[in-house]
**Q** 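Structure incoming, see below.
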Amino acid sequence: MPNRLTQKKNTWCSGCGNFGILNAVQKAFDLFENETNNGESLVMTSGIGCHGKIFDYLNTSGFYSLHGRAIATAQGIKLGNPNLNVIMFGGDGDSMGEGLEHTLFAAKRNENITLILHNNGVYGLTTGQFSPLSKIGYKGPSTPFGNPESPFIPIPMILEAGASFVARAYSAKINDLSQLILRGIKHKGFSFIEVLQPCVSFNNTYQYYNEKIKPLEKTNLTFEEAYLFSKSIDPIYTGLFYQIGKPVYSDQVIPENYHPEERKKQEKRISALRKYF
Ligand code: SF4
């Protein structure tokens, strides 16, 4: 099994929920490799924010994208080579703010990629400004008297947009999260996994989540049940809310005779580009 970590120094705050996500992703990639012997097909993208540092730590090919544009990058990678399994990491500011329309349209298209949403309810990297998922009353540098806005609830929104695999997990439950990530990668269609991720420095929600989180007991939920269960705030349900099969974007738009492996080799592409630069 390849070493899943790079040599980069980890600068996440001690106790950050991102560590749980990093561990779960490594486990999920190992499980995927074991099951499919196709670990080389795993490719990642990330946006900008604390979550995005996962790109530095995870020893996987990919593209460190712009703020809010990782989902567009992920779709581009998939269209360029549909044989790849593309996993995108996004923060709540990144995928639910700056890049929200990309997220919704990727779900609408049901592109065959996986989005792992690091939901810490705050802009952590820039020291605690409120995000689209911050709770009412959240106090930070940009909302010193408390956030007056209601947060988005990502799962009902993404269900409505058309995602075909929708789940929620908690970064402190690493085994459950790794299983959901594995299932998301293997799902054919847009898979969305919201991960409740405490930010110990600016939004420490460990105690809150430890009290409120409850695994879904029911399986094979209908769309309406998934919608209702995902909106509950006490308890906050985790698990797989919804999964259906439906047509995938890249299957519909890529011609049958398109074989990415037959395209020009990298050296030829680079020498062709050198003519212009
Ligand atoms: Fe994690 Fe928050 Fe620290 Fe960022 S600021 S590394 S999200 S604890």
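FYI, the numbering just counts along the sequence from 1. As a basis for the values below, the full set of heavy atoms in this structure was taken, side chains included, without hydrogen atoms, waters or symmetry mates.
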**Q** Between the side chains of Lys135 and Asn147, does any donor sit under 3.5 Å from an acceptor?
**A** no
**Q** Please walk me through it: do Lys231 and Tyr237 pass side-chain contact (heavy atoms from CB on, under 4.5 Å)?
**A** CA-CA 9 Å; Lys231 286 197 81 159; Tyr237 289 104; over 6 Å; no
**Q** For Asn110 and Phe190, indicate whether the former's side chain and the latter's backbone hold a donor-acceptor pair under 3.5 Å.
**A** yes
**Q** Picking from Glu194, Arg168, Gln197, what satisfies side chain to side chain contact (heavy atoms under 4.5 Å, CB included) with Leu117?
**A** Glu194
**Q** Is there a donor-acceptor contact under 3.5 Å linking the side chains of Asp92 and Ser131?
**A**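 Side-chain D/A pair, Asp92 to Ser131: present.
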**Q** Quick check: closest heavy atoms across Thr114 and Ser191, and the distance to 0.1 Å?
**A** OG1-OG, 2.8 Å
**Q** Sort out for me which residue in Ile193, Val86, Thr103, Ile158 forms a side chain to side chain contact (heavy atoms under 4.5 Å, CB included) with Leu115.
**A** Thr103
**Q** Using 30° and 60° as the class limits, which term best fits the ring planes of Tyr123 and His67: parallel, tilted or perpendicular?
**A** perpendicular
**Q** Check the orientation of Tyr64 and Phe55. Use parallel for under 30°, tilted for 30 to 60°, and perpendicular for over 60°.
**A** tilted
**Q** If every non-hydrogen atom of Val200 is compared with every non-hydrogen atom of Cys16, which pair is closest and at what distance?
**A** CG2-N, 4.0 Å
**Q** Evaluate side-chain contact (heavy atoms from CB on, under 4.5 Å) for Asp176 paired with Thr238, printing each intermediate quantity in order.
**A** CA-CA 9 Å; Asp176 294 347; Thr238 54; over 6 Å; no
**Q** Would you kindly confirm whether Leu133 and Ile71 end up in one hydrophobic cluster when ILVMFWY residues are joined by side chain heavy atoms under 4.5 Å apart?
**A**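 Per the 4.5 Å side-chain linkage, Leu133 and Ile71 are co-clustered.
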**Q** Does Phe29 belong to the same Ile/Leu/Val/Met/Phe/Trp/Tyr cluster as Val43, with side-chain heavy atoms less than 4.5 Å apart forming each link?
**A** no
**Q** With the side chain counted from C-beta on, respond yes when Leu79 and Glu111 share a heavy-atom pair under 4.5 Å apart, and no when they do not.
**A**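 When only atoms from C-beta onward are counted, Glu111 and Leu79 do touch, with a gap below 4.5 Å.
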**Q** Tell me whether Ser134 contacts the main-chain N or O of Gly121 through its side chain, where contact means a donor paired with an acceptor under 3.5 Å.
**A**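 Side chain of Ser134 to backbone of Gly121: a pair is present.
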**Q** To the nearest 0.5 Å, what is the distance between OH on Tyr242 and CD1 on Ile155?
**A**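 CD1 of Ile155 is found 13.5 Å from OH of Tyr242.
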**Q** Which heavy-atom pair separates Pro141 from Gly128 by the least distance, and what is that distance?
**A**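 Result for this residue pair: CD-O, 3.2 Å.
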**Q** Give the ring-plane orientation class for Phe19 versus Trp12, where under 30° counts as parallel, over 60° as perpendicular and anything between as tilted.
**A**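 It falls in the perpendicular class, over 60°.
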**Q** Would Leu196 and Ile236 count as a side-chain contact (heavy atoms from CB on, under 4.5 Å) if you check the C-alpha gap in whole Å, the side-chain angles of each, and the deciding distance to 0.1 Å?
**A** CA-CA 10 Å; Leu196 304 172; Ile236 301 169; 3.9 Å; yes
**Q** Considering all heavy atoms of both residues, which atom of Leu177 and which atom of Ala169 are nearest to each other, and what is their separation?
**A** CD1-CB, 3.6 Å
**Q** Judged by modelled atom types alone, do Thr11 and Lys53 share a side-chain donor-acceptor pair under 3.5 Å?
**A** yes
